[in-house]
Amino acid sequence: MVKFNRFTLDNGLRVIVHEDHTTPMAVLNILYDVGARDENPEQTGFAHLFEHLMFGGSVNIPSYDEPLQRVGGENNAFTSNDITNYYITLPSANIETAFWLESDRMLNLAFSKKSLEVQRNVVIEEFKQRYLNQPYGDVWLKLRPMVYKKHPYQWATIGKELKHIEDAKIEDVKAFFKKHYNPQNAIMAVGGDVSLEQVKQLSEKWFGQIPAGEKYLRNLPQEPEQFDERRETVIAKVPLNDVYIAFQMGDRLDKTYYVAELLSDILSRGNSSRLYRSLVKEKQIFSEVHAYMTGSLDKGMFVFEGKPLGNISIETAEAAIWDELEKIKTIAIPADELTKVQNKTESTMIFSEMSLLDKAMNLASFELLGDAELLNQETAKYLEVTVEQIKDLANKLFRKDNSSTLIYLAEEAV
């Protein structure tokens, strides 16, 4: 159970406070309700570019890291298709430094052509290294547009193509910042050796005067249900053949979300999971095989990925995955198999409550979903899942006409 208080500033900034006086540390986490899904399809990669720009200094503070390092702090950030998240961990005695730094860049981010140029080059380099020049690096650039035909999840956070980052103009970047990076579009979670009164006073002092920003209505095209089998095969410079099968699934607030999470665990969590036992150990078809889901705010993806052993054809490998899916669709899983993954999930949840940073991030994420209190109801929702629900969802999701299959063939093997 994570205890917290919350309040909202006049400018719309939502603040969550989790007091934990057993530690000398504090954490300040700011979640901006903006991700790659909010980009113009002709100007993708902006949310991720911003994650980099936000470390480029502000009008008042040319170097973001320096003042933080002086007070023993650390910081980082990440961007997803749904959110952009920044966090600072530091000794609680220096918590005001975190307020000062975060408020300053929310209000006064430095938009010099030089800083845009520097960060643009960093992102271009990352695009090339991680997505274009790495084996299987372009998988999401290929798989997403197969699964999503309407929704902006059809591109990865890095962007659709390099050109969008190369062509980013300072005025477009400024407009994107003004629209999304403001108090009413942010949730701040502060945790650790702090008090509610102290956080109220510091929030008011450092964030209270920042203009709220204009309210806009997010109106994204929703993805229609899939009723056609989609396939693509690429011949690439990869060490081994690889098969990906993605299925459309519900959104993060869909009641089947917890069922899907446990279904992926039954299939692929650990060495006692079904796919590992059957396809890696017993039948020796794959060197590795995984099942996971994206957990997106809007309609998500349930993905299977496997690298067949050198002597196994890609057709045999793909058929073996479908055989396992047919089993879970037709034969109810034993109750103790479900209990086992539920217990593992419960212990993972308890463990994640021990980290101060995880607590702050989770509180902010659940507040974005509608209510931070949902965090405390999570474990119960996993424990309520039944054997029947697992079978029903497997039948609903794992259909050929809900599948997008991407196959990588190693050049040498062709």
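Below, all heavy atoms of this structure are taken into account, side chains as well, without hydrogens, waters or symmetry copies.
A salt bridge is defined here as a Lys NZ or Arg NE, NH1 or NH2 lying under 4.0 Å from an Asp or Glu carboxylate O, and Arg252 with Asp254 fails to meet this definition. Here Lys344 does not pair with Asp265 in a salt bridge; the nearest charged N to carboxylate O distance is not below 4.0 Å. A salt bridge links Arg274 with Glu337: the distance from a Lys NZ or Arg NE/NH1/NH2 to an Asp or Glu carboxylate oxygen falls below 4.0 Å. Between Asp138 and Arg130 no salt bridge is recorded (no basic side-chain N to carboxylate O distance below 4.0 Å). With respect to Glu384 and Lys255, no salt bridge is recorded, no charged nitrogen being found less than 4.0 Å from a carboxylate O.
Side chains of Pro239 and Pro135 form a contact here, defined as non-hydrogen atoms less than 4.5 Å apart. Side-chain contact between Tyr258 and Glu378 is present, with at least one heavy-atom pair separated by less than 4.5 Å. Asp251 places none of its side-chain heavy atoms less than 4.5 Å from the side chain of Tyr257. Residues Leu409 and Val234 have side chains not in contact (no heavy-atom distance under 4.5 Å, counting atoms from C-beta outward). Contact annotation: the side chain of Asn376 never approaches that of Lys3 to less than 4.5 Å [non-hydrogen atoms, C-beta and beyond].
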Begin with the C-alpha distance, continue with both residues' side-chain angles, and end with the deciding distance and a verdict on salt bridge (Lys or Arg N to Asp or Glu O under 4.0 Å) for Asp228 and Lys149.
CA-CA 12 Å; Asp228 62 313; Lys149 299 298 178 191; over 6 Å; no
Go through the steps to decide whether Ser80 and Arg37 satisfy the test side-chain hydrogen bond (donor to acceptor under 3.5 Å, both in side chains), and finish with yes or no.
CA-CA 9 Å; Ser80 74; Arg37 66 177 179 160; over 6 Å; no
Could you walk me through whether Glu388 and Lys391 pass the salt bridge (Lys or Arg N to Asp or Glu O under 4.0 Å) check?
CA-CA 5 Å; Glu388 291 72 29; Lys391 191 176 167 195; over 6 Å; no
Kindly indicate, with the supporting measurements, whether the criterion side-chain hydrogen bond (donor to acceptor under 3.5 Å, both in side chains) is fulfilled by Ser195 and Glu19.
CA-CA 6 Å; Ser195 71; Glu19 295 186 36; 5.6 Å; no
From CA spacing to verdict: side-chain hydrogen bond (donor to acceptor under 3.5 Å, both in side chains), His151, Asp298:
CA-CA 9 Å; His151 193 285; Asp298 293 328; 2.8 Å; yes
Would you sort out whether Phe304 and Phe398 count as a ring-ring contact (aromatic ring centres under 6.0 Å, His included), showing the intermediate values?
CA-CA 11 Å; Phe304 292 87; Phe398 303 148; 5.4 Å; yes
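Minimum heavy-atom separation, Leu107 to Pro211: CD1-CD, 4.0 Å. The two residues Val147 and Gln226 make their nearest non-hydrogen contact at O-OE1, 4.4 Å. For the pair Met249 and Lys299, the tightest heavy-atom approach, listed with the atom from each and the gap, is O-CG, 2.9 Å.
A cation-pi arrangement, defined by a distance under 6.0 Å to the six-membered ring centre and an angle within 45 degrees of its axis, is absent between Lys327 and Trp322. Figure legend: cation-pi geometry between Lys142 and Tyr136 absent, as NZ or CZ is not positioned both under 6.0 Å from the six-membered ring centre and within 45° of its axis. Lys179 forms a cation-pi arrangement with Tyr216, by the criterion of a distance under 6.0 Å to the ring centre and an angle within 45° of the ring axis.
Of the listed residues (Leu309, Val280, Leu240), just one forms a side-chain contact (heavy atoms from CB on, under 4.5 Å) with Phe286, and that residue is Val280.
Under the 3.5 Å distance criterion, the side-chain polar atoms of Thr157 are left unmatched by any main-chain donor or acceptor of Ala36.
Heavy-atom contacts from other residues, nucleotides or ligands closer than 6.0 Å to NZ of Lys283 number more than 12. Other residues, nucleotides and ligands contribute at most 12 non-hydrogen atoms within 6.0 Å of the CG atom of Asp10.
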Result block: side-chain N/O donor-acceptor pairs under 3.5 angstrom for residues 200-208, not counting sequence neighbours:
from, atom 1, to, atom 2, distance (Å)
Ser203, OG, Val199, O, 2.6
Lys205, NZ, Glu96, OE2, 2.6
Trp206, NE1, Glu96, OE2, 2.8

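The aromatic rings of Tyr86 and Tyr32 sit perpendicular, their planes meeting at an angle over 60°, well past the 30° parallel limit. Between Phe55 and Tyr64, the two ring planes are perpendicular [angle over 60°; tilted spans 30° to 60°]. The aromatic rings of His52 and His48 sit perpendicular, their planes meeting at an angle over 60°, well past the 30° parallel limit. The aromatic rings of Tyr292 and Trp140 stand perpendicular to each other, their planes meeting at an angle above 60°, with 30° marking the opposite boundary.
No donor-acceptor contact under 3.5 angstrom links the side chains of Arg144 and Tyr153, judged on distance only. Side-chain contact annotation: Trp155 with Glu161, donor-acceptor N/O pair under 3.5 Å absent.
Here the straight-line distance linking atom CG of Leu28 with atom CG of Leu101 works out to 9.5 Å at 0.5 Å rounding.
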